[in-house]
Amino acid sequence: MLRSYLAELFRYAIESLITSGALPAEVREATIEIADPKNPEHGDFACNFAMVAAKKAGKNPRELAEMLSEALAVFQEFESIEVAGPGFINLRVKSSYVASWLPTILTLGPSGISKSTPKGPGKKINVEFVSVNPNGPITIGSGRGAAYGSTLCNVLEAAGNTVHREYYINDGVNSEQMRLFAESVLAITKGKPVPENGYKGDYVHDVAKSLSHIDSDDVDLIRYLSEKEMIQQQRTALSAFGVEYDTWFSEQSLHDKGMVDDEIDLLEQKGIADTAPVRTKLKLAKGNKIEDVFTEIQDTPVDEDGNIITDNSGSSDGHTLWLRSTKLGDDMDRVLLRKDGRLTYIASDVAYHKDKFNRPENADKLITILGPDHHGYIGRLTAVVAAMLLESFELGEPCHAEIDQKLYRGEGEKAACEAALTEAKKRLEVQIYQLVRFLKDGKPAPMRKRDGNIYALIDLMKEIGLKIKPNGTEEEQLSAGKDVARFFYLMRDHDTTFDFDLDLAEKQSDENPVFYVQYAHARICSILAKADTVLPAESRTKEGSPELFALVSHEKEKAVIKKVLDLSDEVRRASEDYGVHRIATYAVELARTFHAFYDQCKVIQTEDPALSNARLMVCEATKIGLKSALDLLGISAPYRMERADSVPAE
RNA sequence: GCGCCCAUAGCUCAGUGGAUAGAGCAACUGCCUUCUAAGCAGUGGGUCGGAGGUUCGAGUCCUCUUGGGCGCGCCA
């Protein structure tokens, strides 16, 4: 917030130099970055604009920096402006000026302080995350997707976008896995052995138990009921983990409405899907360059003379219907409709993505968050969206290049496919989070046990909560477990594999970083509560005044306020590169800055109500910053934290 | 074979093309008569896997390379 303001001052100074003819207009193209100086002795902020813009200005960086610093000198906000090194402009901002932001922070509150304004108008974004099959509980592996996805949504919202949170339920009746799941449940209710490769974990027995009052051999009915049960459990677990959705979208509903069939007809009409028994595959060289295009003949129906029967009539009875996704950047064509008439999930995906775009609230952009085992889907999903967006085309002249000739029937098709792919890449963003390794006693903890049991997210929360709040209620334990687990998932870059140290997570000591942050919040609440009892109410104010701002002179006070004002910049950056771990890192830094302030600046001094007042405002501001960051992360900001000395040591 | 990700302190990881590469944990030294010591201050600890390149400047970008994780079905 403060940085953007300072950048404005720079822009103003640069404009005045352009107007006076001292600088060419091209320097406008260089970006103004207000960064942290490496060495705090260099000041509060550093700007490298002079180095970046030197070429465009036709001056050497030092000279340009000198000019700029002179132009900036008119602003009262600065205590000092120095040109250093190769052309840095080091800025020191007046403490009283930084303090003058306090009333703004207090007015904005936790929900306002994190808001950053997007460059253009905010987008309408649909974020789909977790979306696991309804054949088991949410695992600790999916936990990362849940934590990441929900926080990304919060961050995108704070950055000025409208977000729709969505869960896609893979409940298509054609799913073999779901059928197997239902058969396993059915077998257990009947006291029969579970089918080979069936589902065996305790949770399957739980589902069976919940259906024990149903006396039926109807696999479809059992499938439907056990899915419902599983989805309910997933919802409960996610909710306890602080994850709520706007839409739980049923795949089967697409089939029921005939949308999948309609989409498939459309694809055939557009000529991007057909039943020719040939699959095209790409051989890729380094850099994803197409080295060769070759074909495989699949289960070829032949006539009496042994000739391949091709069927482009649009009827796919007895034939495999292929999506020609190689034309759309995928490395092989994909099956839409099997020979036996059952649709694949790719078929539903086409209809699903169309529906997402067509709903009025999700016009602009789709974000899909997938686990590390799904990264091969990026190309496939993009091709699906491209196929859906593909507009009808004339085949046109044959292509020139040899590769294109093998891939496209004409220049017209090639152009249409490329256009569709470009648009698809613009409108669909697939974010992959990397693997989490769970360590217990320094050894990897298996997520899927040999007996078929799964390490569920809900169990992780319970286990951590039990250790941290051994005397708490079940609800308190679950909530504490949620806070710790979320923080651990979120403190690392989602695009990096990391080790989740269960032993550390279960410690309620200072070793656990989440408490470091929460403790800062609780400490502030404690100070504020005491101030209410010790200081006369009439001396308290939330209004600012130059006299009050002048009292804020300690470097630690200034540091805390500056840090609080940084939150909106962190949110903007996180929303741009989807790196929401910045918010967790930020929370730790803000807490650290506050703890240092606390140590050096006694807040409540009854003999000096004015200074107390100023410092209480700093506390309020910090509380708002911490609450805001923790809200984004989906972690609670406690008012009290008591060291559990009464708890017997382990 | 192709793709995605990773490699930074003893361990787990931050790091916006900028100045002397940071934090937590672990080790060590101090600090509670004072708003919560779940805290603070300090010490030690580094060939940013390796080699080239791009430029005023590279942990960061590019190429190559070494090592590791994961993925490449008419399963979802």
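The structure displayed is predicted, hence computed values, not measured ones. These numbers come from the heavy atoms of this one structure, side chains and all, not from hydrogens, waters or symmetry mates. Below, chains carry the letters A, B, ... as their sequence lines are ordered, and counting in each starts from 1.
- Straight-line distance from the CD atom of A:Glu33 to the P atom of B:rG57: 19 Å, rounded to whole Å.
- B:rA7 is paired with B:rU66 under the Watson-Crick or G-U wobble criterion, all donor-acceptor distances under 3.5 Å.
- Aromatic pair A:Tyr352/A:Tyr168: ring centres closer than 6.0 Å.
- Note on A:Ala54: nothing from the nucleic acid sits closer than 4.0 angstrom, heavy atoms only.
- One atom, CE of A:Met491, and another, C1' of B:rG24, lie 8 Å apart when rounded to the nearest Å.
- In this structure, A:Tyr433 has its ring center at least 6.0 angstrom away from the ring center of A:Tyr148.
- At whole-Å resolution of the value, CZ in A:Phe498 and P in B:rA14 are 9 Å apart.
- Rounded to the nearest Å, the gap between the C1' atom of B:rC28 and that of B:rU66 is 37 Å.
- Side-chain atoms of A:Gln518 and A:Asp483 include a donor-acceptor pair closer than 3.5 Å.
- The base-pairing partner of B:rG17, taking Watson-Crick or G-U wobble contacts with both distances under 3.5 Å, does not exist among the strands shown.
- Of the C1' atoms belonging to B:rG15 and B:rA23, the separation is 10 Å, rounded to the nearest Å.
- Residue A:Lys289 is out of contact with every strand shown, counting any heavy-atom pair closer than 4.0 Å.
- Phosphate proximity of B:rC5 to A:Arg437: absent, as no side-chain N or O sits under 4.0 Å from OP1 or OP2.
- Nucleotide B:rC28: paired with B:rG42 (Watson-Crick or G-U wobble, both distances less than 3.5 Å).
- Considering only side-chain atoms of A:Lys283, the nucleotide from B:rC4, B:rC40, B:rG1 that sits closest is B:rG1.
- When heavy atoms are screened at a 4.0 angstrom cut-off, A:Arg573 is found touching base atoms of the nucleic acid.
- In this structure, A:Phe515 atom CZ and B:rC40 atom C1' are separated by 20 Å, rounded to whole Å.
- A:Phe45 does not carry A:Arg3 over the face of its six-membered ring by the limits of under 6.0 Å from the centre and within 45° of the normal.
- Contacts of A:Tyr598 with the nucleic acid, taken as non-hydrogen atoms under 4.0 Å apart, include base atoms.
- Of all nucleotides listed (B:rC64, B:rC35, B:rA19), B:rA19 comes nearest to the side chain of A:Pro37.
- Taking the P atom of each, B:rG42 and B:rC25 are spaced 15 Å apart, rounded to whole Å.
- For A:Ala596, the listed nucleotide lying nearest its side chain is B:rC40; candidates were B:rC13, B:rC40, B:rC74.
- In summary, the side chains of A:Glu183 and A:Tyr199 do not present any donor paired with an acceptor at a separation below 3.5 Å, with no hydrogens or angles considered.
- Here B:rG73 sits opposite no nucleotide as a Watson-Crick or G-U wobble pair (both hydrogen-bonding atom distances under 3.5 Å).
- With a cut-off of 3.5 Å on both Watson-Crick or G-U wobble distances, the partner of B:rC48 is given as none.
- Here A:Leu284 lies in heavy-atom contact (under 4.0 Å) with sugar-phosphate atoms only.
- Taking every side-chain heavy atom of A:Arg582 into account, B:rG15 is the closest of B:rG71, B:rA14, B:rG15.
- Rounded to an integer number of Å, the gap from A:Phe49 CZ to B:rU16 C1' is 17 Å.
- Heavy atoms of A:Cys601 sit under 4.0 angstrom from at least one base atom.
- At whole-Å resolution of the value, CD in A:Glu296 and P in B:rG73 are 11 Å apart.
- Contact of A:Asn90 with B:rA19 (side chain to base): a donor-acceptor pair of N or O atoms is detected under 3.5 Å.
- Between the P atom of B:rG18 and the CD1 atom of A:Ile34 lies a distance of 14 Å, rounded to the nearest Å.
- Base contact: A:His42 has a heavy atom under 4.0 Å from a base atom.
- Comparing B:rC6, B:rU12, B:rC75 by their nearest atom to the side chain of A:Asp499 picks out B:rU12.
- Using a 4.0 Å heavy-atom cutoff across all strands shown, A:Ala285 reaches sugar-phosphate atoms only and no base atom.
- The shortest distance between side-chain heavy atoms of A:Asp292 and A:Ile290 does not fall below 4.5 Å.
- If you check every strand for non-hydrogen atoms under 4.0 Å, A:Lys602 touches a base.
- For A:Arg523, the side-chain atoms get nearest to B:rA37 when compared with the rest of B:rU55, B:rA14, B:rA37.
- Classified by its glycosidic torsion, B:rC32 falls in the syn category, the angle being within 90° of 0.
- Judged by atom type and distance alone, A:His374 does not reach the base of B:rG71 through any side-chain donor-acceptor pair under 3.5 Å.
- Backbone-only contact: A:Thr497 has heavy atoms under 4.0 Å from sugar-phosphate atoms and none from a base.
- Closest to the side chain of A:Arg592, from the set B:rG73, B:rG24, B:rU16, is B:rG24.
- Nearest-nucleotide assignment on RNA chain B puts the 5′-proximal partner with A:Glu589, out of A:Gln600 and A:Glu589.
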Evaluate the salt bridge (Lys or Arg N to Asp or Glu O under 4.0 Å) criterion for residues A:Asp495 and A:Arg492: first the C-alpha distance (whole Å), next the side-chain angles of each, then the deciding distance (0.1 Å), finally the verdict.
-> CA-CA 8 Å; A:Asp495 210 8; A:Arg492 307 301 184 207; over 6 Å; no

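- Note on A:Asn288: only backbone sugar-phosphate atoms sit closer than 4.0 angstrom, heavy atoms only; bases stay farther off.
- In this structure, A:Phe88 counts as stacked on the base of B:rA19 under the 5.5 Å centre distance and 30° plane angle limits.
- B:rG22 sits 15 Å from B:rU60 when the C1' atoms are compared, rounded to a whole Å.
- Using a 4.0 Å heavy-atom distance criterion, A:Met51 is classed as a base contact.
- Judged by distance alone with a 3.5 Å cut-off, a donor-acceptor contact links the side chain of A:Asn48 to the base of B:rG18.
- A ring-centre distance under 6.0 Å is found for A:Tyr516 and A:His595.
- With respect to the salt-bridge test (charged N to carboxylate O, under 4.0 angstrom), the residues A:Arg92 and A:Asp44 do not qualify.
- Remark: C1' of B:rA23 and CG of A:Leu590 are 15 Å apart, rounded to the nearest angstrom.
- Residue A:Lys556 has its side chain nearest to B:rA41 when only B:rC35, B:rA19, B:rA41 are considered.
- Nearest to the side-chain atoms of A:Pro86 among the listed nucleotides B:rG18, B:rG15, B:rC40 stands B:rG18.
- Looking at heavy-atom distances under 4.0 Å, A:Asn135 makes no contact with the nucleic acid at all.
- Comparing B:rA58 with B:rC48, their P atoms are spaced 13 Å from each other, to the whole Å.
- Comparing atom distances between the A:His375 side chain and each of B:rC74, B:rC70, B:rU34 picks out B:rC70 as nearest.
- Salt-bridge check for A:Arg338 with A:Asp340: failed, with every basic side-chain N at 4.0 Å or more from each acidic carboxylate O.
- Not a single donor-acceptor pair, N or O on each side, falls under 3.5 Å between the base of B:rC5 and the side chain of A:Gln434.
- Looking at which nucleotide of RNA chain B each of A:Glu251 and A:Leu435 is closest to, the 5′-most match is held by A:Leu435.
- Listed pair A:Lys286 / B:rC64 fails the phosphate criterion, with no side-chain N or O lying under 4.0 Å from OP1 or OP2.
- Using atom P as the reference point in both B:rG1 and B:rG46, the two lie 37 Å apart (nearest Å).
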